[in-house]
Amino acid sequence: MSRILITGASSGIGEALTRSYQARGEQVIACGRSQAKLEQLTHLNGVSSLQFDITDREQVMATASQVGQLDTIILNAGDCEYIDDAINFDSQLFERVINVNLVSVAYCLEAWLPHLAPHGRLVFVSSSAQLLPFPRAQAYGASKAGLTYLANVMQIELARHDIAVSVVHPGFVATPLTDKNTFDMPFKITAEQAANYIIAGVDKGKSDINFPGLFIFILKFLRALPSACWRAIALRMQS
Ligand SMILES: NC(=O)c1ccc[n+]([C@@H]2O[C@H](COP(=O)([O-])OP(=O)(O)OC[C@H]3O[C@@H](n4cnc5c(N)ncnc54)[C@H](OP(=O)(O)O)[C@@H]3O)[C@@H](O)[C@H]2O)c1
């Protein structure tokens, strides 16, 4: 039985991860903002919760004394907001998204890395959106590109501390985050399927966990083409 801390556990992928790990007998510390949603998980055997706003460094640091020794940390909390009018750039929206998806992760690392056991694993949930520049995704894409870079450096830096690092790049997953999207979401999977991919990847010790495979293959293929090809496709997506 291992102790797993999951941020963003009150909804979507994080909730599915919490339920799957709990079902196989692990101890889960479920983190989120919504106390009501966390309470729906804490009645499950082995699930405890921590309620805080991840963008508030003081609140994150205050949890450090409560987490105990951890075997796995899954940094999954995040949000997506789109920039609809690039010429009237909304810097506050940009700041909000970067804070919740990237800066908050630094607070979590500062608070919890000292509590990660030797042979522990750190998991960053980034996004396949960081592979290409998608229309309106200036904030979300930049935050996830930054997060993947951070995760890749931590893979190098933490190796000598015997801590393994995984970075996850999901395609579209049906959750409250994507429910508000009005555009087509090809290859969309359920949160439970996403959790299964992540858990299987973590169990195998994979450093890169990308899914669904065909969607990621197509994005990587498009990225390998001259950048003008993707720009032509992206311009058509806008109209
Ligand atoms: N859904 C997709 O298609 C998709 C694709 C690629 C990557 N991802 C990534 O997967 C992760 C999970 O997304 P999801 O789709 O499962 O979204 P979701 O259902 O909206 O869940 C987001 C989670 O993050 C938590 N959270 C957000 N802001 C927070 C804050 N300020 N403080 C503390 N917790 C906060 C939420 O907590 P509360 O509800 O309690 O506020 C919630 O538990 C995100 O990092 C997202 O970028 C998702």
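Sequence positions, counted from 1, serve as the residue numbers for this chain. Order of appearance sets the numbers: ligands from 1, and atoms from 1 within every ligand.
Checked against a 3.5 angstrom limit, the closest N/O atoms of Val173 and ligand 1 fall inside it. Backbone and side-chain nitrogen or oxygen atoms of Ser127 are examined, and none is located within less than 3.5 angstrom of a nitrogen or oxygen of ligand 1. Note: an N/O pair closer than 3.5 Å links Gly8 and ligand 1 by distance alone. Considering backbone and side-chain atoms alike, Ile54 places an N or O below 3.5 Å from some N or O of ligand 1. Residue-to-ligand polar distances keep Asn101 apart from ligand 1: every N/O pair is separated by 3.5 Å or more.
If you look at Lys144 next to ligand 1, the close heavy atoms, those under 4.0 Å, all belong to the side chain.
Close approach of ligand 1 to Lys37 (heavy-atom distance below 4.0 Å) involves ligand atoms 39 (O). Atoms of ligand 1 found under 4.0 Å from any heavy atom of Asn76 (numbered from 1 in listed order, with element): 10 (O), 11 (C), 12 (C), 44 (C), 45 (O).
Remark: Glu26 engages Arg24 in a salt bridge, criterion side-chain N to carboxylate O under 4.0 Å.
In this structure, atom 13 (O) of ligand 1 lies nearest to the protein heavy atom Leu177 CD1, 4.0 Å. Considering only non-hydrogen protein atoms, atom 28 (N) of ligand 1 sits nearest to Arg33 NH2, 3.4 Å.
Tested against Ser166 for a side-chain hydrogen bond (donor to acceptor under 3.5 Å, both in side chains), the candidates Lys206, Lys204, Arg121 yield a single pass: Arg121.
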